[in-house]
Structure formats: C-alpha cells, structure tokens
There are 2 protein chains.
Amino acid sequence: MREGPDIARIASLIGDPARANMLTALMSGKALTASELAQEAGVTLQTASSHLAKLTDGGLLRLRKQGRHRYFALAHDDVAHVLENLMGLAVSAGHLRMRTGPKDGALRKARICYNHLAGDMGTRMFDSLMTQRHLELNEKGIDLSESGVALMQHLGIDLAALRAKRSALCRECLDWSERRTHLAGSLGRALLERFEQAGWASRDANSRAVHFTRRGEKAFREAFSIAEP
Amino acid sequence: MREGPDIARIASLIGDPARANMLTALMSGKALTASELAQEAGVTLQTASSHLAKLTDGGLLRLRKQGRHRYFALAHDDVAHVLENLMGLAVSAGHLRMRTGPKDGALRKARICYNHLAGDMGTRMFDSLMTQRHLELNEKGIDLSESGVALMQHLGIDLAALRAKRSALCRECLDWSERRTHLAGSLGRALLERFEQAGWASRDANSRAVHFTRRGEKAFREAFSIAEP
DNA sequence: GTAATGCTTCGATCACGCTCGAACTATGAG
DNA sequence: CTCATAGTTCGAGCGTGATCGAAGCATTAC
C-alpha cells in the first residue's frame with residue numbers, strides 16, 4: 001500500500017458538495033469572484049473563503065487579484081479534464097441525480113467545457129474534422145493536416161499565434177453527455193472564441209450552455225460539413 | 001448551481017484514504033478479496049467491509065462471489081481511467097507525497113494500468129505504433145491499420161476474438177508518470193497478456209510493477225522497433 | 001455433526017471538518 | 001476622513017462518517 005500519488009487528497013477536495021459546485025461553476029471557463037462562488041455553492045462568504053483557500057492550496061484553482069476582487073479560475077486544463085471525466089463517471093456509474101430541466105437539453109446540445117465547445121455540437125465538429133482528415137495523428141498527439149490548416153485560416157483562426165503558445169494545439173477531451181471525444185487544446189479554445197466573435201453563438205450567463213443563433217448554427221454546419229440533424 | 005452530474009458523490013467516495021488505497025490496489029487489475037483489501041488499506045476487516053459496500057453501491061466496484069470469498073474489482077475501465085487521471089493531477093497539482101523508493105523506478109518504467117501496460121515502456125510502445133502508422137485515426141477513434149493488423153497477427157494476437165467483444169479495441173489512456181498517452185482497450189489488454197504468456201514479462205506480486213526479463217525487453221524492443229534507451 | 005475461516009451487521013466512540021456569527025483587514029468611492 | 005464593499009480570520013457548534021469491538025451469518029473443512 002501507499003504506492004503511487006496521493007489521489008485521496010485531491011479527490012476529497014472535489015468530494016465536498018460546496019467545493020464541487022464551485023468547481024462545476026468554474027467549468028464555464030469564467031473566472032469568478034469569491035462572492036459569486038459562494039452564491040453558486042449555496043454557502044456564506046466565510047465558508048466559501050475557507051473552501052477557496054483549500055482549493056488554491058491544493059493546486060486546483062488559480063487566484064488573480066484585481067483591485068478589491070479576487071478572481072478564481074481552474075488552475076489548468078488538466079483540472080477541467082479530470083472534472084469532465086468525473087462527470088462521465090457520475091452519469092454512468094452513479095444513479096444520475098440531475099434534474100433534467102429545460103437547461104439540460106441545452107447543455108447536452110452545446111456547452112462550455114472550461115474553454116472549448118462540448119456537447120452534441122462539440123463531438124459532431126470533432127467527428128467531422130476527423131472524417132474529413134482535417135486532423136491527423138502523429139507521435140505527439142493530434143495535429144492539423146494541410147487541409148485542416150486551410151480550413152482554420154478560412155475560419156479566421158490565427159494559427160501562428162496559437163503555435164507560439166507552449167500549450168498543445170489539439171487535445172482530446174471526453175464528453176460526459178455524449179461519451180465521445182471532442183476537441184480541446186488551444187485550437188478548441190480559439191474556435192469557440194471565433195464562434196462568439198462571429199456572432200454564431202453566445203454563452204448563457206448563468207450556466208455552461210452555449211446558445212447558437214439559427215444563422216450561426218447553419219454557418220457552423222456549413223463550415224464543418226455537418227448534415228442537418 | 002446544481003447543474004450537471006453529481007461529481008461530489010463519487011469524488012468523496014475516492015476521497016477517503018482507506019478507500020483510495022483500495023482503489024489504487026485494484027488498479028493492478030487483480031480482483032482482491034475483502035481481507036486483502038483491508039490489509040492493503042491498513043484498516044480492520046469490519047471497516048473495510050463498510051467501505052467496500054459503499055464503493056460497490058456507488059458503482060465503482062464490481063463484486064464476484066466465489067465460494068466463501070468475495071472478490072472485488074473495478075467496475076469498468078472508465079473507473080481505472082479516472083483514477084489514472086487523478087494520479088496525474090495529484091502529481092502535477094499536489095505536492096507529491098510519494099516515497100520515491102526502489103519500487104518507484106520500476107513503476108515508472110513499466111506497470112499495470114488496470115489491464116494494460118503503462119509507464120515508460122507503455123508510452124514508448126504507443127509512440128512506436130503511431131509513428132510507424134500501425135495505428136490510424138478515424139471517426140470512431142483509433143484503429144489498427146493494415147500493417148498494424150499484420151504486426152498483431154505476427155505477435156500472436158487473436159484479433160477476431162477481440163473484435164467480437166463489444167468493448168473498444170483501442171483506447172487512449174493518459175499516463176500519470178509520463179504524462180503522455182499509452183494504449184488501453186481490449187488490444188492493450190491482449191498485448192500485456194501476450195507479453196506475460198510469452199515469458200517476456202511478469203507482474204510483481206505486491207505492486208503494480210511489471211518486470212521484463214532481459215530477453216523479454218530485447219524482444220519487446222525488436223517487435224516494436226524501439227531503440228535502446 | 002463441530003470447528004474454522006471469511007465476511008457482514010450492530011453499536012458505541014470519537015474526531016475531523018463543514019458551517020456560520022462576529023470581528024478584523026483591505027481596497028475603493030465620495 | 002467616512003462609509004461601503006470585498007474578503008479573511010477566529011472561534012464555537014455541530015453533524016457526519018470513519019473506526020473498531022463484539023456478535024451474527026455463511027461457507028468450507030473434517
């Protein structure tokens with residue numbers, strides 16, 4: 001026993017309901033203040049402060065001070081990745097305790113996964129990029145093919161800027177609702193930003209849902225050659 | 001708030017040190033009895049029994065009764081996948097609390113990840129399969145190319161039997177020590193079994209380490225065209 | 001049958017950690 | 001400077017859940 005890393009430490013960090021709610025809220029990719037997170041978790045500001053200290057100390061959150069506000073965000077993409085995986089397990093293994101309200105449908109269709117697009121539309125986009133060989137596999141993971149580069153430039157993505165970053169361009173992320181892969185990494189992030197910039201989609205203010213306009217969804221399907229559902 | 005699946009439920013299950021030790025022990029892929037798991041976790045049989053009931057009830061473990069023994073195993077590959085991811089996060093985000101003993105080197109070189117090979121040799125094998133185009137990407141994930149099929153047949157893998165199973169042939173799994181991908185899925189499992197069958201490697205009785213014989217390691221490197229370290 | 005092993009259930013203990021009220025610090029507004 | 005907002009720290013209360021002793025089943029051995 002006692003071999004390998006200490007998974008109990010971070011699992012117990014995620015295991016508290018208040019903290020789990022905070023982390024789930026931060027999966028929206030937005031940095032939130034302590035007050036906002038307190039409300040999100042349904043606890044007072046004092047307890048929230050204690051929880052946030054533990055989460056940052058545990059390496060799960062990153063803190064950015066800005067004036068008299070303290071903005072908290074997930075420390076790294078890895079954290080979001082683990083949380084999304086846990087959601088998948090919670091759905092499959094656990095008896096799913098989620099009120100399937102009106103929001104739920106929207107979440108399953110398109111939502112934010114930290115900083116990129118997930119849900120049905122996210123997995124469809126990934127599938128399309130794969131089948132059309134816009135993405136290809138090499139020893140270091142996934143990368144854009146020539147046709148993929150052309151497509152991204154046509155969509156107005158600044159690939160040079162993305163390549164300059166040290167983080168990976170393309171990463172895979174498992175979708176908890178679809179149980180299939182969607183595109184993460186700096187390209188995944190840039191694409192979502194582009195969709196918003198182009199007016200195709202907008203984020204829901206209070207949830208992880210992403211709302212596509214009718215024209216935006218049409219343009220999205222055309223861009224990635226996705227058939228009508 | 002309260003949107004999405006209940007990650008706190010399973011995270012808190014994993015979050016208890018005793019249970020985390022049990023789950024880590026089960027990452028060896030072996031089904032263990034309640035007594036063995038109690039010893040692994042460092043608790044008495046009574047408390048272990050309580051923990052095991054919670055884990056099975058929570059959908060993380062699967063129970064197989066056999067005579068007067070009760071064998072516990074991870075319920076599904078997904079569970080192992082999440083645990084491996086959590087280990088990666090524990091290493092990167094947490095201050096790593098692991099005694100870096102002699103076992104540690106062996107674990108990093110080659111170890112069991114539930115039912116397939118992980119560690120340095122696992123990631124090298126995956127990299128080799130990728131660069132030599134034995135594996136290729138399609139819309140459904142990874143699959144063997146023609147040359148890959150030939151290689152597996154040469155190695156004595158019964159692909160027809162594997163394809164008959166409903167579970168995926170190839171899956172990716174993130175390595176906590178290498179922080180890179182290695183091969184999971186039924187093929188990953190079959191390959192490890194083949195290595196043992198061929199006398200190339202054997203599992204450590206008390207840990208997740210996999211010991212390759214000198215001849216076995218040489219044969220392994222030749223089979224996958226891996227250069228000397 | 002009796003004995004032994006493997007494991008569960010019950011009950012009591014006990015401690016950890018979540019929670020919030022109150023007081024305190026810090027930054028900004030007027 | 002005064003007031004307001006944002007957040008932390010301290011301390012006490014309190015419940016949940018981990019733990020183990022003892023007793024109870026269940027299965028195998030003899």
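Reckoned from all heavy atoms, side chains included, excluding hydrogens, waters and symmetry mates. Residue numbers begin at 1 in each chain, while the letters A, B, ... track the order of the sequences.
In 5' to 3' order, the nucleotides of DNA chain D bounding all contacts with chain B (an atom under 4.0 Å from a heavy atom) are D/dA18 to D/dA29.
Checked by atom type and distance alone, the side chain of B/Tyr114 never pairs as donor or acceptor with a backbone atom of B/Glu84 at under 3.5 Å. For A/Thr47 (side chain) and A/Val43 (main-chain N/O), no donor-acceptor pair under 3.5 Å exists by modelled atom type.
The CG atom of B/Asp16 sits 17 Å away from the P atom of C/dA15 (whole-angstrom rounding). In this entry the distance linking CG of A/Leu55 with C1' of C/dG17 reads 14 Å, nearest Å. Here C/dT9 presents its P atom at 15 Å from NE2 of B/His51, a figure rounded to the nearest Å. Between the CG atom of A/Leu52 and the P atom of C/dG17 there is a distance of 18 Å, given to the nearest Å.
Between atom CD of residue A/Glu36 and atom CG of residue A/Leu45 there is a gap of 11.5 Å, rounded to the nearest 0.5 Å. The structure places CD of B/Glu40 at 8.5 Å from CG of B/Leu26, a figure rounded to the nearest 0.5 Å. We find the OG-CG distance between A/Ser177 and A/Leu107 to be 8.5 Å, quoted to the nearest 0.5 Å.
Salt-bridge annotation for A/Arg111 and A/Asp175: present, with a side-chain N of the basic residue lying under 4.0 Å from a carboxylate O of the acidic one. No salt bridge links A/Arg163 with A/Asp158; every basic N to acidic carboxylate O contact stays at or beyond 4.0 Å. Salt-bridge check for A/Asp204 with A/Arg208: failed, with every basic side-chain N at 4.0 Å or more from each acidic carboxylate O.
Paired with A/Trp200 under the rule ring-ring contact (aromatic ring centres under 6.0 Å, His included), one option of A/Phe224, A/Phe212, A/Phe195 passes, and it is A/Phe195.
In this structure, A/Cys173 and A/His81 have side chains that are in contact, with non-hydrogen atoms separated by less than 4.5 Å.
Shown for residues 28-36 of chain A: residues whose heavy atoms fall under 4.0 angstrom of DNA chain D, namely A/Thr33, A/Ala34, A/Ser35.
Proximity note for B/Leu45 (side chain, C-beta onward) versus C/dC20, C/dT19, C/dC7: the nearest is C/dC7.
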Counting primed atoms plus P, OP1 and OP2 as sugar-phosphate and everything else as base, spell out the protein contacts along nucleotides 23-30 of chain C at 4.0 Å heavy-atom distance: B, S or - for each nucleotide, 5' to 3'. ----BS--

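Take the nearest nucleotide of DNA chain C for A/Arg19 and for B/Thr47: the residue whose nucleotide is more 5' is B/Thr47.
Judged purely by distance below 3.5 Å, without hydrogens or angles, the side chains of B/His116 and B/Arg189 never pair a donor atom with an acceptor atom.
Contact annotation for B/Lys65: no contact, since no heavy-atom pair falls under 4.0 Å across all strands.
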